[in-house]
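For reference, positions follow the sequence shown, starting with 1. Atoms within each ligand, like the ligands themselves, are counted from 1 in listed order.
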Amino acid sequence: MKTLCLPAEDPASAKAAAQIIRRGGLVAIPTETVYGLGANGLDEAAVAKIFQAKGRPQDNPLILHVSEAKEIEKFCHSIPPAAYALAEAFWPGPLTMVLPARDIVPRRTTAGLSTVAVRCPDSAVTRQIIRLAGVPIAAPSANLSGKPSTTTAAHVLHDHDGKIDAVVDGGPCRVGVESTIVDLTEDRPRLLRPGGITPEQLIAILGMLEVDKAVTAPVDHDAVVKAPGMKYRHYAPAEPVVIVSGSRQKAAAYIHRHFVPGDRVLCFEEELPLYQDCAPLAYGREADVASLSAGLFAALRVLDDPAIHQVYARCPEGGGVAYAVQNRLRKAAAFHIVDGEVEE
Ligand code: TXA
Ligand code: MG
């Protein structure tokens with residue numbers, strides 16, 4: 001099939017995309033986080049096509065995208081006051097909430113769970129598509145399963161050209177890492193995935209927040225985890241990635257001691273002069289963590305090249321959005337971190 005590229009600024013695009021969704025087709029949609037691979041979330045057959053196009057494991061549920069907060073009542077029940085408070089504070093925006101699912105949501109969308117993840121994205125064209133389609137859009141990140149997420153329409157076409165009906169081109173994604181996921185189905189709210197809405201922002205509304213262990217440590221493939229997606233190999237370029245922690249100078253010394261031709265260095269813009277001989281690629285400025293989250297996946301895609309032998313990566317410290325960047329880079333590195341301060 002020919003994949004249509006629909007510019008977000010063309011008023012006809014939302015209508016065309018909504019029609020494809022209603023007919024049971026696949027449309028990649030822009031959001032503020034990453035591009036999603038969307039289909040009618042209430043149509044089992046359409047949702048099955050998403051799993052097939054991505055090569056996604058069947059036990060990994062999808063996020064249902066809505067155009068406004070009150071729509072969640074159609075798809076969720078027993079909604080706690082905290083959900084309304086979070087929606088009021090952060091929607092439209094990069095926050096996904098896990099809530100008890102109503103029967104109208106097909107089990108293929110929730111991968112058999114009795115809960116469903118819902119999110120209202122901060123993209124005017126995507127909310128317009130949802131409104132015009134008259135159905136919620138189920139959409140995982142539009143990358144092929146296991147590959148770095150898609151933050152431009154070109155990334156989507158790289159992975160799916162000729163295999164999906166259309167991509168709506170809304171330009172590069174502002175946040176660049178996927179939404180924060182918080183589970184509200186238990187006694188205490190639990191962070192399942194860090195993202196653009198920070199733990200600090202969630203705690204300001206919720207008063208408290210548990211952090212799921214899958215956020216901070218590798219998960220066994222057979223483990224039962226709250227967000228099934230957390231157990232799969234993620235965001236990973238073709239070759240091994242190792243994070244080198246420590247001060248700028250010590251990390252550079254470590255990398256220079258170990259670097260061999262064929263390796264690459266993924267660093268901050270401020271560090272480029274330190275790595276002139278080490279094929280450096282900067283993904284943003286350390287002083288501007290939003291630039292790091294916005295640039296991370298595009299950089300990991302550049303590094304997804306079997307000719308590269310090893311990637312040495314620099315990772316920002318601290319909380320806020322840096323916490324989400326750390327989580328994605330650690331997963332790309334399969335939690336392989338060396339301390340540049342230690343002479344070895
Ligand atoms: O920013 C985002 O969230 C993007 C854009 C397109 O909205 N979407 C996205 O989808 O990142 P995906 O499929 O790549 O990640 C969804 C994550 C997976 O880890 C999945 O296991 C988890 O959400 N998830 C979905 N439904 C769940 C549920 N009912 N309970 C727990 N985790 C759930
Ligand atoms: Mg994903």
Side-chain angles (χ1 to χ4, degrees), residues 27-39 41 47 50-51 53-66 72 75-76 90-102 105-123 126-127 129-130 136-151 155-156 159 167-168 170 173-186 190-197 212 214-215 219 223-236 293 297 300 324 327-328 331-332:
V27 180
I29 48 170
T31 82
E32 77 284 27
T33 59
V34 300
Y35 278 74
L37 186 56
V47 168
I50 297 178
F51 284 89
K54 270 188 68 102
R56 184 177 177 98
Q58 297 287 340
D59 68 349
N60 196 359
L62 306 178
I63 295 174
L64 216 48
H65 295 73
V66 296
I72 64 176
F75 313 119
C76 309
F90 303 121
W91 278 3
L95 177 71
T96 295
M97 297 191 260
V98 175
L99 293 164
R102 288 193 187 277
V105 184
R107 288 297 145 118
R108 202 181 268 276
T109 301
T110 66
L113 298 177
S114 60
T115 58
V116 63
V118 287
R119 160 163 132 82
C120 180
D122 187 14
S123 157
T126 288
R127 289 200 308 279
I129 296 168
I130 298 166
I137 295 185
S141 51
N143 53 287
L144 290 171
S145 222
K147 289 297 179 186
S149 293
T150 38
T151 54
H155 294 160
V156 175
D159 286 12
V167 53
V168 177
C173 300
R174 172 173 59 81
V175 178
V177 294
E178 306 88 337
S179 61
T180 304
I181 304 179
V182 59
D183 178 17
L184 297 174
T185 64
E186 314 245 347
R190 178 181 291 264
L191 181 71
L192 303 185
R193 180 174 75 182
I197 300 299
D212 200 75
V215 172
V219 178
V224 177
V225 289
K226 267 273 157 188
M230 298 300 273
K231 74 183 178 195
Y232 293 106
R233 185 165 182 266
H234 257 88
Y235 320 123
S293 74
F297 283 128
L300 289 176
N327 172 264
R328 303 310 191 274
K331 282 178 174 288

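Taking every heavy atom of Ile63 and a limit of under 4.0 angstrom, the matching atoms of ligand 1 come to 3 (O), 8 (N), 9 (C), 10 (O), 16 (C). The contact set between ligand 1 and Leu113, taken as ligand atoms under 4.0 Å from a residue heavy atom, comprises 28 (C), 29 (N), 30 (N). Interface atoms of ligand 1 facing Val34, defined by a heavy-atom separation under 4.0 Å, are 4 (C), 6 (C). Counting atoms of ligand 1 from 1 in the listed order, those under 4.0 Å from a heavy atom of Thr115 are 28 (C), 29 (N), 30 (N). Each of the following atoms of ligand 1 lies closer than 4.0 Å to a heavy atom of Ala117: 25 (C), 26 (N), 27 (C), 29 (N). Each of the atoms 18 (C), 20 (C), 21 (O) of ligand 1 lies under 4.0 Å from some heavy atom of Asn60. Interface of Ile181 with ligand 1, defined as ligand atoms under 4.0 Å from a residue heavy atom, comprises 17 (C), 22 (C), 23 (O). Close contacts between ligand 1 and Gly36 involve ligand atoms 6 (C) [criterion: under 4.0 Å to a heavy atom].
Taking backbone and side chain together, Ser141 holds an N, O or S atom under 2.8 Å from the Mg ion (ligand 2).
When the heavy-atom distances from atom 11 (O) of ligand 1 to Met97, Arg193, Lys54 are ranked, the shortest goes to Arg193.
The N/O atoms of Thr31, backbone and side chain alike, include none that comes under 3.5 Å of an N/O atom in ligand 1. Between His65 and ligand 1, at least one pair of N/O atoms sits closer than 3.5 Å. For ligand 1, one of its N or O atoms has an N or O atom of Ser141 under 3.5 Å away. At least one N or O atom of Arg119, backbone or side chain, sits closer than 3.5 Å to an N or O atom of ligand 1.
Side chain of Thr180 to main chain of Ile197: a donor-acceptor pair is present (N/O by atom type, distance under 3.5 Å, no hydrogens or angles). A donor-acceptor pair is defined here as one N or O able to donate and one able to accept, closer than 3.5 Å; no such pair exists between the side chain of Thr33 and the backbone of Val175.
Closest of all the heavy-atom pairs between Ala139 and Ile29 is CB-CD1, 4.1 Å. Ser179 and Leu95 make their closest contact through CB-N, 4.0 Å (heavy atoms, listed as atom of the first residue, atom of the second, distance).
Checked against side-chain hydrogen bond (donor to acceptor under 3.5 Å, both in side chains), Ser123 has the following partners two or more places apart in sequence or in another chain: Thr126.
The CG atom of Asp159 lies 4.0 Å from the CG atom of Leu144; values are rounded to the nearest 0.5 Å. Between the CD1 atom in Ile137 and the CD1 atom in Ile130 there is a gap of 5.0 Å [rounded to 0.5 Å]. In this structure, NZ on Lys147 lies 13.5 Å from OG on Ser141, to the nearest 0.5 angstrom. Rounding to the nearest 0.5 Å places CZ of Arg108 at 7.5 Å from CZ of Phe51.
Side-chain contact check for Arg328 versus Arg193: some heavy-atom pair is nearer than 4.5 Å.
Heavy atoms of Thr110 come nearer than 4.0 angstrom to ligand 1 in no pair at all.
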